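Predicted model only: the values in this text are computed from it and were never measured.
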Amino acid sequence: MATTASPAAPISVKRGVAPLRAGQGTSFFLRRLHSLTGIVPVGAFLFEHILISNSTAISGPDAYARQVSFLANLPLVFFLELFGIWIPILFHGLYGFYIWFRGDGNTIAYPWTGNWMYTLQRWTGGIAFVYIVWHTWTMRFTGVDLHEAAAQSFPKVQAEVHNPLLLAFYIVGLIAASWHFAYGIWLFSAKWGIVSGEKAQQRLLRLCLALFLLLGVVGLSSLYTFRTRFQQPTAGGNIVDSSPGIDNHGRPVN
């Protein structure tokens with residue numbers, strides 16, 4: 001007696017963003033902490049650094065020096081930097097590499113747009129981490145101490161971006177960091193269940209892409225200013241102050 005073959009089960013296609021893996025014990029805590037630190041304080045620092053501090057460079061060396069002086073003279077600034085910037089960035093970056101190298105990406109098995117963007121998030125995170133570490137090290141710990149000589153801040157950055165290779169590195173790093181933060185907000189909101197529903201997530205994604213463009217445009221405008229405007233003289237490879245309107249602490253002088 002002939003039998004009718006049962007139809008093949010349809011192939012299901014996974015969509016959306018997977019929630020944070022539950023994990024157990026320390027793994028669960030570290031994943032939650034890694035996800036959270038990408039927004040606060042690391043993302044907040046990036047937002048301030050690009051849209052507030054660096055954007056003042058567009059107004060010239062005096063405005064930039066005043067902003068640097070303001071940040072350098074915040075109460076307990078060393079501890080603010082240590083616990084609000086350096087340690088969170090190191091944790092978020094290094095644990096992100098750990099997650100990446102465990103092979104969580106699956107763009108070949110599941111080739112839809114969201115997954116490719118997730119992989120782009122990993123690569124931009126790696127580039128951004130190298131860029132931020134380099135930028136922090138060179139600006140904060142080498143050469144002129146900008147906490148003691150805020151007036152040297154503009155020419156110090158300007159000297160770096162006049163190197164074509166470093167300028168290219170700054171551009172790539174800026175774009176990578178901007179994308180990683182902006183798309184990271186969307187991933188964070190989706191994974192934590194803050195924004196649910198396809199339409200709501202699409203609206204949030206458009207807002208995050210707009211934030212990426214804003215960060216990129218403002219950041220590139222700042223680099224353009226450092227590169228082409230308000231040229232500061234150098235002497236013997238050492239940057240000298242050509243901003244008579246402020247002293248080394250960013251205070252106006254007559």
Side-chain angles (χ1 to χ4, degrees), residues 15-18 20 31 34-55 57-58 85 88-101 103-108 110-136 139 157 160-161 165-192 194-195 200-227:
R15 294 186 181 279
V17 177
L20 281 172
R31 280 184 172 272
H34 174 261
S35 179
L36 181 62
T37 54
I39 305 300
V40 179
V42 175
F45 161 72
L46 186 68
F47 184 94
E48 187 282 330
H49 196 66
I50 295 177
L51 295 185
I52 299 177
S53 290
N54 277 5
S55 66
I58 298 173
I85 301 176
I89 286 176
L90 285 175
F91 168 75
H92 187 79
L94 295 177
Y95 195 74
F97 281 122
Y98 169 75
I99 294 174
W100 186 8
F101 290 125
D104 287 352
N106 51 0
T107 56
I108 303 302
Y110 306 100
W112 61 82
T113 303
N115 225 29
W116 282 104
M117 292 176 75
Y118 185 81
T119 296
L120 180 61
Q121 185 73 351
R122 304 278 70 76
W123 279 99
T124 54
I127 295 171
F129 179 73
V130 174
Y131 165 69
I132 292 172
V133 170
W134 165 265
H135 183 60
T136 301
M139 291 294 106
V157 177
E160 285 213 337
V161 299
L165 292 179
L166 286 179
L167 175 62
F169 178 61
Y170 266 71
I171 292 173
V172 172
L174 169 69
I175 293 174
S178 299
W179 170 267
H180 191 76
F181 173 53
Y183 187 61
I185 294 175
W186 186 84
L187 280 177
F188 174 84
S189 301
K191 284 178 173 289
W192 284 64
I194 298 173
V195 176
Q201 290 184 356
Q202 288 178 349
R203 287 194 293 268
L204 177 61
L205 180 59
R206 287 193 288 269
L207 287 176
C208 291
L209 293 178
L211 175 60
F212 161 65
L213 292 176
L214 176 63
L215 291 168
V217 169
V218 173
L220 291 175
S221 298
S222 300
L223 287 179
Y224 174 81
T225 299
F226 282 119
R227 173 78 176 183

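- A 6.0 Å sphere centred on OH of Tyr224 holds no more than 12 heavy atoms belonging to other residues, nucleotides or ligands.
- Considering only residues two or more places apart in sequence or on other chains, Tyr95 meets the ring pair (Phe, Tyr, Trp, His ring centres under 6.0 Å) condition with His34, Phe91, Tyr98.
- Side-chain contact between Glu160 and Trp134 is present, with heavy atoms from C-beta onward closer than 4.5 Å.
- Listed by chain and number, the residues in a side-chain hydrogen bond (donor to acceptor under 3.5 Å, both in side chains) with Thr37 are His92 (sequence neighbours excluded).
- A pairwise comparison of heavy atoms in Tyr131 and Phe169 identifies CA-CZ, 3.6 Å as the closest pair.
- Side-chain contact check for Arg206 versus Gln201: every heavy-atom pair is 4.5 Å or farther apart.
- Ser222 is listed as a side-chain neighbour of Ile58, based on a closest heavy-atom distance under 4.5 Å.
- How far CG of Leu204 is from CG of Leu187: 10.0 Å, rounded to the nearest 0.5 Å.
- In this structure, Arg203 and Val195 have side chains that are not in contact, with every pair of non-hydrogen atoms separated by 4.5 Å or more.
- Taking 4.5 Å as the limit, some side-chain heavy atom of Met117 sits within range of a side-chain heavy atom of Trp179.
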What pairs of donor and acceptor atoms, side-chain ones from residues 211-219 against any protein atom, are under 3.5 angstrom apart with sequence neighbours left out?
none

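- Here the closest heavy-atom approach between residue Gly38 and residue Phe181 is recorded as O-CD1, 4.1 Å.
- Ile171 is linked by a side-chain contact (heavy atoms from CB on, under 4.5 Å) to Leu167, Ile175, Leu220, Leu223, counting only residues two or more places apart in sequence or in another chain.
- Residues Trp186 and Tyr183 place their aromatic rings such that the two centres sit under 6.0 Å apart.
- Partners of Phe226 by ring pair (Phe, Tyr, Trp, His ring centres under 6.0 Å), not counting sequence neighbours, listed by chain and number: Tyr64, Phe154.
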Can I get a per-line list of side-chain donor-acceptor pairs under 3.5 Å for residues 43-55, giving both atom names and the distance, sequence neighbours left out?
from  : atom 1 : to     : atom 2 : distance (Å)
Glu48 : OE1    : Ser53  : OG     : 3.4
Glu48 : OE2    : Ser53  : OG     : 2.4
Glu48 : OE2    : Gln67  : NE2    : 3.4
His49 : NE2    : His135 : NE2    : 3.4
Ser53 : OG     : Gln67  : NE2    : 3.2
Ser55 : OG     : Leu51  : O      : 2.8
Ser55 : OG     : Ile52  : O      : 2.8

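- Looking only at distances, a side-chain donor or acceptor of Ser189 sits under 3.5 Å from a matching main-chain atom of Ile185.
- Atom CD1 of Ile99 is separated from atom CZ of Arg122 by 7.0 Å, given to the nearest 0.5 angstrom.
- Here the CD1 atom belonging to Ile132 is positioned 10.5 Å from the CG atom belonging to Leu174, to the nearest 0.5 angstrom.
- The shortest heavy-atom contact between Phe188 and Ser35 is CD1-OG, 3.3 Å.
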